[in-house]
Amino acid sequence: KNAKDVVRENEVQTVDVVKEQKTLVEKRVITPGAKERKSLLNPTDETQVRNICGHDMKFTNLSKVYWPKDNVTKRDMLNYYYQVAPYILPYVKDKPQTLNRYPNGIEGKTFYQKDVKGKAPEWVKTFPYHSYTDGRDKEFSVITDEASLLYVASLGCIEINPWSSKTQTPDNPDWCIIDLDPDKNTFEQVIEAACLTKSLLDAIEVPCYCKTSGSTGLHIYIPFGAKYDYEQSKEFGRVIAKLVHAQLPEFTSIERKVSDRSGKMYIDFLQNRPQATVAGPYSLRPKPGAPVSMPLHWDEVKPGLSIRDFTIFNAIDRLKEQGDIFTGVLGEGIDLNETVKKIESLFGG
DNA sequence: GGGGAAG
DNA sequence: CTTCCCCAACGCCCG
DNA sequence: CGGGCG
Ligand SMILES: [Mn+2]
Ligand SMILES: [Mn+2]
């Protein structure tokens with residue numbers, strides 16, 4: 001049996017299963033605290049102080065234009081993260097952050113910051129680590145609530161880049177990420193690769209959820225429920241990436257070196273390593289249009305889908321209509337032993 | 001973006 | 001008080 | 001070891 005046929009057969013089965021479940025499962029998820037939030041910052045004052053979670057927080061440079069082509073300011077960005085906080089927090093709460101800072105907007109100089117030791121307010125939780133680069137003990141910042149989310153945003157972090165694991169179980173990711181990074185590809189090819197990944201995972205009865213990256217690609221998340229370590233997540237990602245690549249060799253690649261990819265889409269599974277990150281769900285991106293990494297229904301992942309359709313201007317409206325459709329990634333993790341057995345029986349290991 | 005030194 | 005300057009990642013992988 | 005990579 002070749003892998004494609006196996007996927008086809010199982011596609012039919014799983015489609016039926018999903019249809020039956022749909023009427024039961026399609027209840028809209030209620031996100032606590034998300035109803036009718038007022039705006040956090042007024043449209044005029046350049047500096048404003050707000051008490052959030054008991055902390056007096058000062059927000060500065062609020063009229064600084066972060067997205068010049070779209071005339072979106074730092075104030076707009078902070079108001080967005082305030083509004084989206086109830087939706088984004090379940091995915092970032094208690095996760096150490098890689099800060100990707102744009103203090104002068106998306107066209108200004110940018111830098112990464114991991115260590116916030118002695119720099120963040122004392123109420124911002126941190127996670128200690130040792131840097132082998134310079135032999136010093138340092139601390140990641142951790143988002144724990146609305147205040148710490150807004151704190152990192154106020155530093156110019158347009159993107160929210162959380163670890164896949166929480167401080168409680170730092171070695172055990174909540175999910176495995178398949179990151180589709182197109183190069184000289186059409187977006188239809190990205191969609192095709194995502195749908196093939198979905199079919200393949202359906203065939204081995206592994207749940208998966210898709211979102212736009214907000215940039216050019218798509219992210220597929222598989223719930224791991226902190227049951228395994230990063231090495232296991234990465235190796236599972238590698239197996240899936242190889243299977244997808246084997247079926248779409250014409251336009252995908254799993255080569256790490258860019259020049260070895262010859263313009264093909266990179267199926268990036270290496271973000272499933274300790275401390276590696278991608279922009280989380282509902283994160284803004286430092287790109288023209290002020291796009292948002294937006295969770296999708298699988299039936300939206302088809303030609304016609306456009307990443308630029310999901311932006312700071314409409315993300316909250318979509319959330320109010322649809323609710324949070326990404327909660328599945330927070331569900332119970334897959335059974336890796338069972339899954340590996342299914343892969344072996346269907347695809348010959 | 002923020003802190004500290006210099007002007 | 002304003003202006004200037006400086007600082008703000010990391011670890012794996014491969015040749 | 002240095003450079004590429006995301
Ligand atoms: Mn990507
Ligand atoms: Mn990537």
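Chain letters run A, B, ... following the sequence lines, proteins first, then strands; residues in each count from 1.
- Note on A/S131: only backbone sugar-phosphate atoms sit closer than 4.0 angstrom, heavy atoms only; bases stay farther off.
- With 3.5 Å as the limit, one finds a donor-acceptor pair spanning the side chains of A/S293 and A/K211.
- Across all strands shown, A/K109 has no heavy atoms under 4.0 Å from either base or sugar-phosphate atoms.
- The A/Y129 side chain lies nearest to C/dC10 when the options are D/dG6, C/dC13, C/dC10.
- Contacts of A/K234 with the nucleic acid, taken as non-hydrogen atoms under 4.0 Å apart, involve only primed sugar atoms and P, OP1 or OP2.
- Atom CZ in A/F111 sits about 5 Å away from atom C1' in C/dA8, given to the nearest Å.
- Between C/dC10, D/dC5, C/dA8, one nucleotide has an atom nearer to the side chain of A/K138 than all others, and that is C/dC10.
- No hydrogens or angles considered: a donor-acceptor pair under 3.5 Å links the side chains of A/S165 and A/Y230.
- For A/Q113 and B/dG3, the CD to P distance is 12 Å, given to the nearest whole Å.
- Atom pair A/D260:CG and C/dC13:C1' shows a separation of 12 Å (rounding to whole Å applied).
- Per the geometry, CZ belonging to A/F140 stands 9 Å off P belonging to C/dA9, to the nearest Å.
- Here the nucleotide nearest the side chain of A/R261, chosen from D/dC5, C/dG11, B/dG1, is D/dC5.
- At a threshold of 4.0 Å, the pair A/R256-A/D260 does not count as salt-bridged, since none of the basic side-chain nitrogens sits closer than that to a carboxylate oxygen.
- In this structure, the nucleotide among B/dG1, C/dG11, C/dC13 sitting nearest to the side chain of A/R256 is C/dC13.
- With D/dC5, D/dG6, B/dG1 as the choices, the nucleotide that has an atom nearest any side-chain atom of A/K257 turns out to be D/dC5.
- With rounding to whole Å, A/Y132 atom OH is found 10 Å from C/dC12 atom P.
- Atom CG in A/L62 sits roughly 9 Å away from atom P in B/dG1 (whole-Å rounding).
- When each of C/dA8, B/dG1, C/dC10 is scored by its nearest atom to the side-chain atoms of A/Y66, the top-ranked nucleotide is B/dG1.
- Using cut-offs of 30° and 60° on the angle between ring planes, the pair A/Y151 and A/W123 is perpendicular.
- Within the structure, every side-chain polar atom (N or O) of A/T277 is placed at least 4.0 Å from both OP1 and OP2 of D/dG6.
- Checking C/dC13, C/dC10, B/dG1 against the side-chain heavy atoms of A/K74 singles out B/dG1 as nearest.
- Geometrically, A/R75 does not engage A/F59 in a cation-pi contact, judged by NZ or CZ lying under 6.0 Å from the ring centre and within 45° of the ring axis.
- Distance A/N272 CG to C/dC10 P: 21 Å, rounded to the nearest Å.
- Between A/Y151 and B/dG1 there is no side-chain polar atom (N or O) within less than 4.0 angstrom of OP1 or OP2.
- In this structure, A/M77 atom CE and B/dG1 atom P are separated by 8 Å, rounded to whole Å.
- Here the nucleotide nearest the side chain of A/R273, chosen from C/dC12, C/dA9, B/dG2, is C/dC12.
- Listed candidates were C/dA9, D/dG6, B/dG1. Nearest to the side chain of A/N104 is B/dG1.
- One C1' atom belongs to D/dG4, the other to C/dA9, and the distance between them is 15 Å to the nearest Å.
- Of the candidate nucleotides C/dC10, C/dA8, D/dC5, D/dC5 has the atom lying nearest to any side-chain atom of A/V258.
- Comparing B/dG4 with C/dA8, their P atoms are spaced 15 Å from each other, to the whole Å.
- Taking the six-membered ring where the residue is Trp, A/W163 and A/F127 present perpendicular rings, their angle passing 60° and hence far from 30°.
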